[in-house]
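These notes are about the structure you will find just below.
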Amino acid sequence: MTETPTRRGPWIVNASRRVYDNPWIGVSEHDVTDPGGNPGLYGVCEVKSFAVGVVPVDAEGHVWLVGQHRFPRDYYSWELPEGGGSMAVPPLDSARRELKEETGLSAAGWWELLQLDFSNAVTDEIGFGFLAWDVTPGASDPDDNEKLEIRRLPFGDVLEMALNGEIRDAFSQVMLMKVDILGRRGGLPAPVARALGYDAAG
């Protein structure tokens, strides 16, 4: 419990307390004075790992998707390879591990595509997205609590899935659309631009 008032930008935090905790997340509740001078209550979900995501691209311009059931909204989701990584480990190392576990792929080429915040009004979760290329197949090794399906599709088809709502996962959508935008602007690593045909498109 924090009793001495502190500031977060224009907010005054009068008291804070931990109201829930498990190995993956914690929830803190804050008695605040908002920027308008009004008393209020602010709850924050604090995520205990980084989110990492990967756009794995092969020489033929295909990428891999992972399908799995997502418990919170109770639906089947197609996504790029994603997962959590310890904050004590560089995000790239966690991304390499996650790609291998979920798809069996290893990659020789890596490039940080983006960093982003998820639902930043209610959570402090940070995501790191990467491009991976020069991929080598291998055996996947998903966690015991994961039942995964893997698909390899042309990048254009996967991008269309994000645009038409078949891919609802926000992290996947943002990564795919940034790849497309950077490709059109000439901002991708040369091997990825060649594989996806952006160098020819000019």
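Counting from 1, the numbers follow the sequence of the chain as shown.
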>> Give me each pair satisfying side-chain hydrogen bond (donor to acceptor under 3.5 Å, both in side chains) with a member in residues 117-132, each pair once, sequence neighbours excluded.
In response: none
>> Grouping I, L, V, M, F, W and Y whenever their side-chain heavy atoms are under 4.5 Å apart, do Met87 and Val27 come out in a common cluster?
In response: no
> Stepwise, does the side chain to side chain contact (heavy atoms under 4.5 Å, CB included) test hold for Leu65 with Glu149?
Replying inline: CA-CA 8 Å; Leu65 291 177; Glu149 183 180 356; over 6 Å; no
> Could you give all pairs that pass the salt bridge (Lys or Arg N to Asp or Glu O under 4.0 Å) test and reach residues 60-79, with sequence neighbours left out?
Replying inline: Glu60-Arg152, Arg70-Glu79
>> My understanding is that only residues two or more places apart in sequence, or in another chain, count here; which of them pass ring pair (Phe, Tyr, Trp, His ring centres under 6.0 Å) with Tyr75?
In response: none
>> So, using side-chain hydrogen bond (donor to acceptor under 3.5 Å, both in side chains) as the criterion, who are the partners of Arg97 when residues are at least two apart?
In response: Glu101
For residues 154-174, run the donor-acceptor check on the side chains, cut-off 3.5 Å, and write out each pair with its distance to 0.1 Å, sequence neighbours left out.
| unit_1 | atom_1 | unit_2 | atom_2 | d |
| --- | --- | --- | --- | --- |
| Asn164 | OD1 | Glu166 | N | 2.9 |
| Asn164 | ND2 | Glu160 | O | 3.3 |
| Asn164 | ND2 | Glu166 | OE2 | 3.0 |
| Asp169 | OD2 | Ser172 | N | 2.9 |
| Asp169 | OD2 | Ser172 | OG | 2.7 |
| Ser172 | OG | Leu80 | N | 2.9 |
| Ser172 | OG | Glu82 | OE2 | 2.7 |
| Gln173 | NE2 | Ile167 | O | 2.7 |

Contacts under 3.5 angstrom, residues 35-57 side chains, donor-acceptor by atom type, not counting sequence neighbours:
| unit_1 | atom_1 | unit_2 | atom_2 | d |
| --- | --- | --- | --- | --- |
| Asn38 | ND2 | Asp34 | OD1 | 3.3 |
| Asn38 | ND2 | Asp34 | OD2 | 3.3 |
| Tyr42 | OH | Ala121 | O | 2.6 |
| Glu46 | OE1 | Arg18 | NH1 | 2.1 |
| Glu46 | OE1 | Ser28 | OG | 3.3 |
| Glu46 | OE2 | Ser28 | OG | 3.1 |
| Lys48 | NZ | Asp21 | OD1 | 3.0 |
| Lys48 | NZ | Asp21 | OD2 | 3.1 |
| Lys48 | NZ | Asn22 | O | 2.6 |

>> I'd like to know if Leu188 and Met177 are part of one continuous hydrophobic network [Ile/Leu/Val/Met/Phe/Trp/Tyr, side-chain heavy atoms within less than 4.5 Å].
In response: yes
>> Looking at every heavy atom in both Pro5 and Ile12, which two are closest together, and how far apart are they?
In response: CB-CG2, 4.2 Å
>> Hydrophobic cluster membership, with links at side-chain heavy-atom distances under 4.5 Å among I/L/V/M/F/W/Y: are Phe128 and Trp24 in one?
In response: no
> When you look at Val66 and Thr103, which way does the side chain to side chain contact (heavy atoms under 4.5 Å, CB included) test go after all the steps?
Replying inline: CA-CA 8 Å; Val66 177; Thr103 68; 4.1 Å; yes
>> Show me the pairs that pass ring-ring contact (aromatic ring centres under 6.0 Å, His included) and involve residues 79-104, at least two apart or across chains.
In response: none
> side-chain contact (heavy atoms from CB on, under 4.5 Å) with Pro90: which residues, sequence neighbours excluded?
Replying inline: Asp93
>> Restricting to side-chain contact (heavy atoms from CB on, under 4.5 Å), what partner residues turn up for Lys178, sequence neighbours left out?
In response: Leu113, Leu114, Leu182
>> Quick check: closest heavy atoms across Val89 and Ser94, and the distance to 0.1 Å?
In response: CG1-OG, 3.8 Å
>> Between Leu148 and Glu102, does the side chain to side chain contact (heavy atoms under 4.5 Å, CB included) criterion hold? Intermediate values first, please.
In response: CA-CA 8 Å; Leu148 306 180; Glu102 292 197 347; 4.0 Å; yes
>> For a 4.5 angstrom cut-off between non-hydrogen side-chain atoms, does Asp58 reach Trp133?
In response: no
> Do you know the tightest heavy-atom contact between Leu99 and Ala107?
Replying inline: CD2-CB, 4.5 Å
> For Trp78, which residues count as a ring pair (Phe, Tyr, Trp, His ring centres under 6.0 Å) partner, sequence neighbours excluded?
Replying inline: Tyr76
> Mind checking whether Trp64 and Leu153 have side chains closer than 4.5 Å, heavy atoms only?
Replying inline: no
> Atom CH2 in Trp110, atom CG in Leu131: separation rounded to 0.5 Å?
Replying inline: 9.5 Å
> Are any of the side-chain heavy atoms of Glu98 and Pro81 separated by less than 4.5 Å?
Replying inline: no
> Under a 4.5 Å side-chain heavy-atom rule over Ile, Leu, Val, Met, Phe, Trp and Tyr, are Trp111 and Tyr198 clustered together?
Replying inline: yes
> Side chains of Trp11 and Thr33: does their closest heavy-atom pair fall under 4.5 Å?
Replying inline: no
> If you look at every heavy atom in Phe118 and Ile126, which pair is closest and at what distance?
Replying inline: CE1-C, 4.0 Å
>> I'd like to check the ring pair (Phe, Tyr, Trp, His ring centres under 6.0 Å) partners of Tyr20; sequence neighbours left out, ordered by chain and number.
In response: none
> Rounded to the nearest 0.5 Å, what separation is found between the CE atom of Met175 and the CG atom of Asp180?
Replying inline: 14.5 Å
